[in-house]
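Here is the structure we will look at.
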Amino acid sequence: MPPLPEILAQLNADMRATDDWGDVAAYIPQLASVDPAQFGIAITTADGEVFTAGDADTPFSVQSITKVFTLAIALGRSGDQLWKRVGREPSGRAFNSIVQLEAEQGRPRNPFINAGAIVTTDEVLTGREPRETLAEILQFVRAAASDDDIHINETVAASETAHGHRNFALAHFLASCGNLNNPPEKTLGTYFHHCAIDMSARQLAMAGRFLIETDKLPRMILPPRIRRLNALMLTCGHYDGSGDFAYRVGLPAKSGVGGGILAIVPGRASIAVWSPGLNRYGNSKKGTQAMARLAREMGWSIF
Ligand code: GLU
């Protein structure tokens, strides 16, 4: 097998060789203006090595990938109580689906679809102000990445707030079912802001290290919880494309509509890939292709 830097260099070249980049998310105007023809990848290993290729230092909107960090904080705060408010099953529906929430009386299927992440944000927010909650989430992400140069992009947050009609619908429906502790606007303001964190692929791969589960790295959460977060990422991390991603890549992973994907190779590595053009499930098109090829070439599938 060629060394990892060579594999990444070839992957980067091959991803740029074709023009089928996919479509950027249009429902958040600030994301719609991003050039889809970009690709970056970064890997951090349990041994502390970092390998990158392409646009690995370009900051992008990590969006739903932040749901993993918020969930880790919510579980740390509330433990299994959280599961009274949100389930642990794949949804088989789009990330922002409304219909399932009504059919299931306001208990979202899992913490990674929007309705579920609004609930976990609400849980973390309860008893605090949005400013403190966002500071706690940012602090967790920065500590995980060992990098203080990670920030919320206020322009993206404002853009989503102005156009987040579906998320407002979900939050108000949750409130009508008694599954929101805070006013919808307050919870959503916090949710939109943590989704608007900018990170580069290098920073994201670093931030994912806490999910690798190894004695070689400082521990941020307990091992049983690491395993459970990985299980949820595998089964629910790519919305209604989760089964296909597990089939093609075979790694726990979480995607975001900014075109990022964070994948974990248990015990071995954290991988972040970014390419803003999305496939029909709303997951990075080239990012998914790159993850599939990397996992195959490295023999990293967990199956
Ligand atoms: N902030 C986005 C939304 O709520 C997150 C969706 C995603 O990244 O998949 O629509």
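Given the structure is predicted, the values throughout are model-derived calculations rather than measurements. Below, all heavy atoms of this structure are taken into account, side chains as well, without hydrogens, waters or symmetry copies. Counting starts at 1 for both ligands and their atoms, in listed order.
- Ion pairing of Asp240 with Arg93 is absent here, as no side-chain N (NZ or NE/NH1/NH2) approaches a carboxylate O to less than 4.0 Å.
- Ionic pairing of Arg293 and Asp14 is present here: one or more N-O contacts between side-chain nitrogen and carboxylate oxygen are shorter than 4.0 angstrom.
- Each of Arg228, Arg227, Arg225, Arg219 was evaluated against Glu213; a single residue qualifies, Arg227, per the salt bridge (Lys or Arg N to Asp or Glu O under 4.0 Å) test.
- Checking side-chain atoms of Arg107 against main-chain N and O of Trp83 turns up a donor-acceptor pair under 3.5 Å.
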Pairs of nitrogen or oxygen atoms, one from ligand 1 and one from the protein, closer than 3.5 Å: please tabulate them with distances.
{"residue": "ligand 1", "atom": "1 (N)", "partner": "Gln63", "partner atom": "OE1", "Å": "2.5"}
{"residue": "ligand 1", "atom": "1 (N)", "partner": "Glu160", "partner atom": "OE1", "Å": "2.9"}
{"residue": "ligand 1", "atom": "1 (N)", "partner": "Glu160", "partner atom": "OE2", "Å": "2.8"}
{"residue": "ligand 1", "atom": "4 (O)", "partner": "Asn114", "partner atom": "ND2", "Å": "3.0"}
{"residue": "ligand 1", "atom": "4 (O)", "partner": "Glu160", "partner atom": "OE2", "Å": "3.0"}
{"residue": "ligand 1", "atom": "4 (O)", "partner": "Asn167", "partner atom": "ND2", "Å": "2.8"}
{"residue": "ligand 1", "atom": "4 (O)", "partner": "Tyr191", "partner atom": "OH", "Å": "2.6"}
{"residue": "ligand 1", "atom": "8 (O)", "partner": "Ser64", "partner atom": "N", "Å": "3.0"}
{"residue": "ligand 1", "atom": "8 (O)", "partner": "Ser64", "partner atom": "OG", "Å": "2.8"}
{"residue": "ligand 1", "atom": "8 (O)", "partner": "Val257", "partner atom": "N", "Å": "2.8"}
{"residue": "ligand 1", "atom": "9 (O)", "partner": "Ser64", "partner atom": "OG", "Å": "2.9"}
{"residue": "ligand 1", "atom": "9 (O)", "partner": "Tyr239", "partner atom": "OH", "Å": "2.5"}
{"residue": "ligand 1", "atom": "10 (O)", "partner": "Tyr27", "partner atom": "OH", "Å": "2.4"}
{"residue": "ligand 1", "atom": "10 (O)", "partner": "Asn114", "partner atom": "ND2", "Å": "3.1"}
{"residue": "ligand 1", "atom": "10 (O)", "partner": "Glu160", "partner atom": "OE2", "Å": "3.4"}

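- Tyr27 and Phe95 have their aromatic ring centers within a separation under 6.0 angstrom.
- Between Asp47 and Lys216, at least one side-chain N (NZ, or NE/NH1/NH2) sits under 4.0 Å from a carboxylate O, which counts as a salt bridge.
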